[in-house]
Amino acid sequence: MNQLNAGLTLDFLSQQKRSSFVLMVGDELGSSPIQVRPKVVGVWSRTPGHYVDQYKTTLKLVKPGIRRIRLYCSQQTAKTARLSVHTGSAKAIGRRQATITETLSWTNKNSQSLRFPYDNPTAVVVDKTRFFAQNGEQVEPPTFIPSRGIFQHSNTVTGAMVVEYQPEFSLFEIEYDMGDEQMEPERLTEMKHAWLAGNIRDCDIPPVNIIAMADGYATQLSFARQFWPQGSLGKRGYADETVPPSIASLPQTKDLDSCWEACWQKVADGRIDLTQEEYSAILQCVESAQTPPQLQYVEISRQTQIERIFNQNSEDIYIDVERPVTMTMKLARADGNELCENFAAYPYLPEITLRFNS
């Protein structure tokens with residue numbers, strides 16, 4: 001390689017290093033989730049077969065989702081930039097600017113570059129530490145060179161600073177669908193099942209994949225699909241194996257587990273159409289009843305008798321005393337809540353009786 005070619009190559013690599021080509025999800029107004037046709041499902045179920053008849057009318061697209069994407073690159077690079085969206089489309093909106101705050105650190109270095117150093121940015125130092133040379137002497141902080149987008153010092157230094165600047169970026173509007181045409185049937189069924197069950201986020205939703213290319217550059221980005229509504233509407237109860245068969249088969253309550261029945265009556269007043277929150281509360285109630293934090297014995301009954309105690313010096317002076325003969329104590333929770341009837345009290349006795357001699 002001759003000297004001229006070497007110089008051209010180094011200059012090209014230097015230009016590439018100073019430039020940027022980065023995709024980022026923007027926070028601009030204008031984004032909206034995929035809108036699907038609402039549907040009312042009366043009972044929540046984790047059994048897919050429960051919804052077979054409803055799958056055909058589930059996740060029907062009403063309006064595609066919209067998301068704004070930023071492509072940070074120079075004005076020159078933006079002229080040849082193009083975006084490709086998997087199961088979607090991209091529309092260029094134009095160039096924009098937004099404030100970015102960056103932290104730059106030096107450890108025995110003489111320069112640090114902004115993340116987006118292209119197009120002669122104007123950087124403002126918000127705050128900085130003291131800077132020291134290798135010999136420990138305090139020196140002036142690095143100075144900014146807009147044409148290169150770097151802070152540079154004549155010597156190697158150690159220190160840090162926080163800067164703000166407003167790099168330009170190309171703004172794109174991404175329109176995306178559910179991707180069901182490119183999705184395997186099993187995955188789509190899982191999404192429909194989760195949506196019918198009340199929350200599509202309970203399944204693994206394929207992301208929206210974006211590829212950006214320009215002359216000499218390429219990058220990619222993905223973001224999660226958003227849905228509205230995120231699940232079926234209306235009351236959601238439980239009607240599958242996650243609930244004890246005795247509750248699923250109400251009103252035949254005679255075989256209900258005593259602890260389940262007590263918590264069910266306490267939380268939901270015996271209703272069958274439990275919401276997910278109510279069902280979770282019943283589970284917590286049962287678990288708490290079966291594994292109480294602290295136990296104690298509480299008196300539940302006693303038998304007494306009256307005894308007359310005379311004065312030793314006079315039979316006319318006495319006092320009647322009510323003395324316990326037997327006292328029955330029952331194991332109970334210290335917090336006052338009821339124990340389940342089938343609570344395993346071992347190694348404690350569920351009930352003890354104390355007898356007192358005269």
Side-chain angles (χ1 to χ4, degrees), residues 6-31 67-81 83 93-172 174 207 209-224:
L8 291 174
T9 301
L10 290 175
D11 182 67
F12 174 75
L13 292 176
S14 177
Q15 291 290 339
Q16 288 288 86
K17 182 177 180 181
R18 289 204 304 270
S19 189
S20 301
F21 198 72
V22 179
L23 279 175
M24 295 178 61
V25 177
D27 54 3
E28 289 82 10
L29 295 176
S31 297
R67 198 69 185 266
R68 298 261 171 115
I69 297 296
R70 298 178 180 184
L71 175 60
Y72 283 92
C73 65
S74 66
Q75 293 181 5
Q76 185 64 29
T77 304
K79 294 177 181 179
T80 60
L83 267 63
I93 297 179
R95 298 286 284 181
R96 299 288 190 274
Q97 283 182 308
T99 300
I100 284 183
T101 303
E102 285 185 8
T103 301
L104 304 177
S105 299
W106 285 257
T107 304
N108 293 327
K109 294 182 178 181
N110 63 354
S111 66
Q112 283 285 15
S113 173
L114 298 176
R115 184 181 183 189
F116 308 119
Y118 51 80
D119 296 342
N120 300 318
T122 300
V124 177
V125 178
V126 178
D127 202 354
K128 62 180 181 296
T129 66
R130 293 184 294 173
F131 280 80
F132 297 91
Q134 282 186 307
N135 61 6
E137 180 183 354
Q138 184 172 342
V139 296
E140 292 296 320
T143 56
F144 185 57
I145 305 176
S147 61
R148 300 178 61 191
I150 66 172
F151 282 85
Q152 188 165 340
H153 202 281
S154 57
N155 300 310
T156 56
V157 295
T158 297
M161 63 173 58
V162 178
V163 300
E164 285 185 349
Y165 63 108
Q166 293 185 323
E168 279 194 359
F169 56 87
S170 296
L171 185 63
F172 291 86
I174 308 300
N209 297 309
I210 304 171
I211 296 176
M213 302 191 73
D215 290 347
Y217 297 94
T219 187
Q220 60 181 345
L221 173 73
S222 63
F223 62 83

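As a basis for the values below, the full set of heavy atoms in this structure was taken, side chains included, without hydrogen atoms, waters or symmetry mates. Predicted model only: the values in this text are computed from it and were never measured.
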Residue pairs fulfilling ring pair (Phe, Tyr, Trp, His ring centres under 6.0 Å) with at least one residue in residues 148-167, sequence neighbours excluded: F144-F151
How many angstroms lie between atom CE of M24 and atom CG of L71, to the nearest 0.5 angstrom? 11.5 Å
Got I69 and F223 here, is their nearest side-chain heavy-atom distance under 4.5 Å? yes
Determine, stepwise, if the pair L23 / F172 fulfils side chain to side chain contact (heavy atoms under 4.5 Å, CB included). CA-CA 10 Å; L23 279 175; F172 291 86; 5.7 Å; no
Looking only at heavy atoms, which two atoms of A98 and P167 are closest? And how far apart? O-CD, 3.5 Å
Side-chain touch V139/N155, heavy atoms, less than 4.5 angstrom: no
Would you say T80's side chain and D215's backbone share a donor-acceptor pair under 3.5 angstrom? yes
I'd like to check the side chain to side chain contact (heavy atoms under 4.5 Å, CB included) partners of S222; sequence neighbours left out, ordered by chain and number. P207, N209
Which residues pass the side chain to side chain donor-acceptor pair (under 3.5 Å) test with T99, sequence neighbours left out? Q166
Using side chain to side chain contact (heavy atoms under 4.5 Å, CB included) as the criterion, list what pairs up with K109, not counting sequence neighbours. W106, Q112
Could you state the interatomic distance from CE (M161) to OG1 (T103), rounded to the nearest 0.5 Å? 11.0 Å
Provide the closest heavy-atom pair for S170 versus C73 in the form atom of the first, atom of the second, distance. OG-SG, 4.4 Å
S31: which residues meet the side chain to side chain contact (heavy atoms under 4.5 Å, CB included) condition with it, sequence neighbours left out? R67, R68
Show the atom names and distances, to 0.1 Å, of all donor-acceptor pairs under 3.5 Å that link a side chain in residues 124-132 to residues at least two apart or in another chain.
from	atom 1	to	atom 2	distance (Å)
T129	OG1	A160	N	2.9
T129	OG1	A160	O	3.2

Do side-chain atoms of Q152 reach the backbone of I145 as a donor and acceptor pair under 3.5 angstrom? no
I need the L114 CG to I100 CD1 distance, nearest 0.5 Å. 9.5 Å
Side chains of P117 and S20: does their closest heavy-atom pair fall under 4.5 Å? yes
Who pairs with R95 by salt bridge (charged side-chain N to carboxylate O under 4.0 Å, His left out), at least two apart in sequence or on another chain? D119, E168
Contacts of R70 that satisfy side chain to side chain donor-acceptor pair (under 3.5 Å) - sequence neighbours left out: D27, E28, Y72
For Q138, I'd like to know if atom CD has over 12 heavy atoms of other residues, nucleotides or ligands within 6.0 Å. yes
Taken in chain and number order and not counting sequence neighbours, the residues that satisfy side chain to side chain donor-acceptor pair (under 3.5 Å) with T101 are E164
Scanning both residues in full, the closest heavy-atom pair of P142 with V157 reads CG-CG2, 4.4 Å
Output all residues satisfying side chain to side chain contact (heavy atoms under 4.5 Å, CB included) with N110, sequence neighbours left out; order by chain, then residue number. none
Would you please name every residue forming a side chain to side chain donor-acceptor pair (under 3.5 Å) with E140, sequence neighbours left out? none
